[in-house]
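Each chain gets a letter, A, B and so on, in the order its sequence line appears, and its residues count up from 1. Predicted model, so just to flag it, every value in this text is computed and none were measured.
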Number of protein chains: 2
Amino acid sequence: MPKLEDVAKLAQVSKTTVSRVLNRRGYLSQATIEKVYWAMEQLDYHPNVVARQLYNNKTNLIGILLPTVADPFFGELSFELERQLYEQGFKVLIGNSMNDPQKEANYLDQLLIKQVDGLIVGTHNQGLKQYHRQQLPVVAIDRIVNEDIPVIASDNYRGGWLATEYLVQQGVTHIIHTNGPHDLATPAKQRRTAYEEVMQKANLTPVTYELDFNISPTQKQQIFRRIFVEHPKVEAIFASNDTDAILIQQVAGELGRKVPADLLLVGYDGTKMIRNLDPQLTTVVQPIEKMAQLAVKILQQRLHKQATETQYLLPVKLHQGQTGSKLKTRD
Amino acid sequence: MPKLEDVAKLAQVSKTTVSRVLNRRGYLSQATIEKVYWAMEQLDYHPNVVARQLYNNKTNLIGILLPTVADPFFGELSFELERQLYEQGFKVLIGNSMNDPQKEANYLDQLLIKQVDGLIVGTHNQGLKQYHRQQLPVVAIDRIVNEDIPVIASDNYRGGWLATEYLVQQGVTHIIHTNGPHDLATPAKQRRTAYEEVMQKANLTPVTYELDFNISPTQKQQIFRRIFVEHPKVEAIFASNDTDAILIQQVAGELGRKVPADLLLVGYDGTKMIRNLDPQLTTVVQPIEKMAQLAVKILQQRLHKQATETQYLLPVKLHQGQTGSKLKTRD
DNA sequence: TTGTATGCGTTATCAA
DNA sequence: TTGATAACGCATACAA
């Protein structure tokens, strides 16, 4: 690999001059500029990024820490984040904690130790005090990590409200909700809060099933079967994500209940992937692209030591497919 | 951020000694070792990775270049690759070319320029001679890039054979196949070859629809509708991937054809995501995890300048769901 | 307009 | 068993 010095020698100038040409700094005569470019081309020279990183004490690397990528929501989120960051000139180091606190801690150690300039986290596990150590700029997505870390989320309360209200308006009364474990500090809990409030306002009894994050689809199916056993009168289910909704639809099918005739179903997330695969699923759509966009913007502010809010809420909307209503919806 | 020198000062030894303790090299008295560890702890010292990279001329970074992550196959592949690489002590830089040659070239420039120690590529665009420049170790997955780059793929011919043969055995005769553009040098073309050979052997007429990679789901649906218009007698479709299969199923439904009663359907890929979402889909399962594993193993060999084969073929199997046969399959 | 010398944080060589 | 020093490749302050 040729280095600055080789170019300098070939162009018969000093390293400094080459560096200047490279970074377009200071005064330079057109003649030398051309000489240097010529030499760089001859040698197929490319600046050594690592050396630059050492000098600038910056890596231009952003770490992304997500619980999983198997869930389409996080898959799409990670994709969008990566795209946005790339456009801003950053490279991305991705870590999937797989909902494993140990694995998350490992990744974090790896990333923190001066490898990344900033961090975007969407992991569940809290208590990671290391986050705000070392002045490392951090932004959280959809997760509350820490007091002084800005959180980007969509309006989960509004999403839960929209979904539940929509079901209530369909005239059904036995509406069940599935959600994550209640001991987790995630904004997604507000979907449940909204669900319960809407239910109570309508004089209905809220019933929430809590599902652990790291259980297999098979185990989930078993829990969903239990819903129908324990609540045979169930008329509608508001699932906390689309994959669960689809699993529920299958389980319902097995048990002889057709959606939406015998069971109304509303999911959550509205990823492109699911909407391509199952466009008829009624679901609350999170603005994933905008969330990623905003996360990157806020991270930039942090990187430039600008002040930021502590929370950002993005609007959601209800995608009315066919699973949430017995009435024929307009096409 | 504390550096080696700070630790040295606090422990009252030289930088060299601290470095020795850090890397367990050379002779050291127990007393100094403990002194140094104590100092490192005091300062919460972590070695500067970038400085190490500069000295060693190695980044421990592997680039992954994939055409898209929206397709579950590549999504799962990228996830598995990342997991395997992480376990081997590598960090991963991911680039999604989005099937855009320009974007791929950009990513490549970024990655090649001495930022990554190796590359795993699964992109479509060939003619990228830069790949084998600079001795950079490269491994290709599911794509033929270049003579001297090892290719990891599953047995696409066998997969196409399994799918087509299975459909032929169902007694149907009008079997249509969808595949990517024929001018692309991908192993996936062998699915088509196998399809055509099996059809001809059975005295049936092969019909293949070619779909561009970067067209929208909506456009794809239109093409699929055309299949039913142009071939009203179609009894079965062997799609080149699962998402297409699912889109076809939807289009068929719209047109009043039920799967499998009025149309047999076999997909390709068998990702966990799709099998969770739609377990009844009959499909050819690619061993994604094993492919990732092997890719990383071969890359390691290349990194250590060991010889490698030029091609590696992994076995596939047919997942018999319910969409590929009118007969009731055993549960 | 261009060049010299120094430092970024680490590791290795050689000497003590 | 330990320490001084050079080197990795680049970019800047300062000098010319």
Side-chain angles (χ1 to χ4, degrees), chain A residues 1-40 43-61 89 110 112-117 134-136, chain B residues 1-40 43-61 89 91 110 112-117 134-135:
Chain A
M1 285 249 112
K3 46 187 190 176
L4 211 62
E5 200 174 348
D6 303 321
V7 178
K9 236 174 252 168
L10 184 60
Q12 298 183 301
V13 293
S14 75
K15 295 200 304 182
T16 312
T17 302
V18 179
S19 176
R20 281 212 187 90
V21 174
L22 220 46
N23 301 295
R24 307 171 208 292
R25 247 186 268 293
Y27 298 102
L28 292 161
S29 78
Q30 193 56 36
T32 36
I33 291 180
E34 274 159 22
K35 256 194 314 187
V36 169
Y37 273 128
W38 171 83
M40 292 200 298
L43 300 170
D44 190 26
Y45 168 79
H46 296 283
N48 181 315
V49 182
V50 175
R52 281 185 167 171
Q53 289 174 350
L54 180 59
Y55 183 89
N56 297 319
N57 202 24
K58 282 199 332 193
T59 60
N60 269 329
L61 235 52
Q110 297 283 324
L112 276 180
I113 303 171
K114 205 54 217 167
Q115 301 209 59
V116 296
D117 291 344
Q134 307 165 324
Q135 309 285 24
L136 188 77
Chain B
M1 284 249 110
K3 46 186 190 176
L4 212 63
E5 200 174 349
D6 303 320
V7 178
K9 237 174 250 167
L10 184 59
Q12 296 183 304
V13 294
S14 74
K15 294 197 309 181
T16 312
T17 303
V18 178
S19 176
R20 282 211 187 89
V21 173
L22 220 47
N23 302 294
R24 305 172 209 292
R25 249 187 268 292
Y27 296 102
L28 292 161
S29 77
Q30 193 56 36
T32 36
I33 291 181
E34 275 160 20
K35 256 196 314 190
V36 169
Y37 273 128
W38 171 83
M40 292 200 299
L43 299 170
D44 190 26
Y45 167 80
H46 296 283
N48 181 315
V49 181
V50 175
R52 280 184 168 173
Q53 290 175 349
L54 179 59
Y55 187 89
N56 298 319
N57 201 25
K58 281 201 332 194
T59 59
N60 268 329
L61 234 54
K91 258 74 64 187
Q110 297 284 324
L112 276 180
I113 302 170
K114 204 56 217 163
Q115 301 209 58
V116 295
D117 291 342
Q134 307 166 324
Q135 307 286 22

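- The two residues B/Gln115 and B/Thr59 come nearest to each other via the heavy atoms O-OG1, 2.9 Å.
- A sub-4.0 Å separation between OP1 or OP2 of C/dT10 and a side-chain N or O of B/Tyr45 is present.
- Among the atoms of the strands shown, only primed sugar atoms or phosphate atoms (P, OP1, OP2) are found under 4.0 Å from some heavy atom of B/Asn23.
- Residue contacts for B/Arg25: at a heavy-atom cut-off of 4.0 Å it reaches the sugar-phosphate backbone alone, with no base atom in range.
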Verify side chain to side chain contact (heavy atoms under 4.5 Å, CB included) between A/Tyr37 and A/Val21, making sure each step is shown before the conclusion. CA-CA 8 Å; A/Tyr37 273 128; A/Val21 174; 3.9 Å; yes

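- Note: NZ (A/Lys9) to P (D/dG9) measures 12 Å, nearest angstrom.
- Summarising the geometry of A/Pro2 relative to A/Leu43, their closest heavy-atom pair is CG-O, 3.3 Å, with the distance given to 0.1 Å.
- Remark: C1' of C/dG9 and CD of A/Gln115 are 14 Å apart, rounded to the nearest angstrom.
- The CG atom of B/Leu4 sits 13 Å away from the P atom of D/dA4 (whole-angstrom rounding).
- Comparing B/Tyr27 and B/Tyr55 against DNA chain D, the residue whose closest nucleotide sits nearer the 5' end is B/Tyr27.
- Whole-Å rounding puts the B/Gln12 CD to D/dG3 P distance at 10 Å.
- Using a 3.5 Å distance cut-off with no hydrogens or angles, the side chains of B/Ser14 and B/Thr17 do pair a donor with an acceptor.
- If you measure from atom CG of A/Asn56 to atom C1' of D/dG9, you get 12 Å, rounded to the nearest angstrom.
- In this structure, A/Arg52 does not reach the D/dG9 phosphate: none of its side-chain N or O atoms is under 4.0 Å from OP1 or OP2.
- Checking the phosphate oxygens (OP1, OP2) of C/dG3, a side-chain nitrogen or oxygen of A/Thr17 falls inside 4.0 Å.
- Closest of all the heavy-atom pairs between A/Pro47 and A/Leu22 is CG-CD2, 4.0 Å.
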What verdict does the side chain to side chain contact (heavy atoms under 4.5 Å, CB included) test give for A/Leu28 and A/Val36, after you've listed the backbone C-alpha separation in whole Å, the side-chain angles of each residue and the deciding distance to 0.1 Å? CA-CA 11 Å; A/Leu28 292 161; A/Val36 169; over 6 Å; no

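- B/Lys9 NZ to B/Lys15 NZ: the interatomic distance, rounded to the nearest 0.5 Å, is 10.0 Å.
- Using a 4.0 Å cutoff on non-hydrogen atoms, the parts of residues 28-36 of chain A near DNA chain C are A/Leu28, A/Ser29, A/Thr32, ordered by number.
- Closest to the A/Ser19 side chain, of the nucleotides D/dG3, C/dT10, D/dT12, is D/dT12.
- The CD atom of A/Glu5 sits 11 Å away from the P atom of C/dT4 (whole-angstrom rounding).
- Residue contacts for A/Leu54: at a heavy-atom cut-off of 4.0 Å it reaches a base atom on one of the strands shown.
- Remark: P of D/dG9 and NE2 of A/His46 are 16 Å apart, rounded to the nearest angstrom.
- The base of C/dA12 sits with one of its N or O atoms less than 3.5 Å from a complementary donor or acceptor on the side chain of B/Thr16.
- The interatomic distance linking A/Lys15 (NZ) with D/dA7 (P) rounds to 11 Å, in whole Å.
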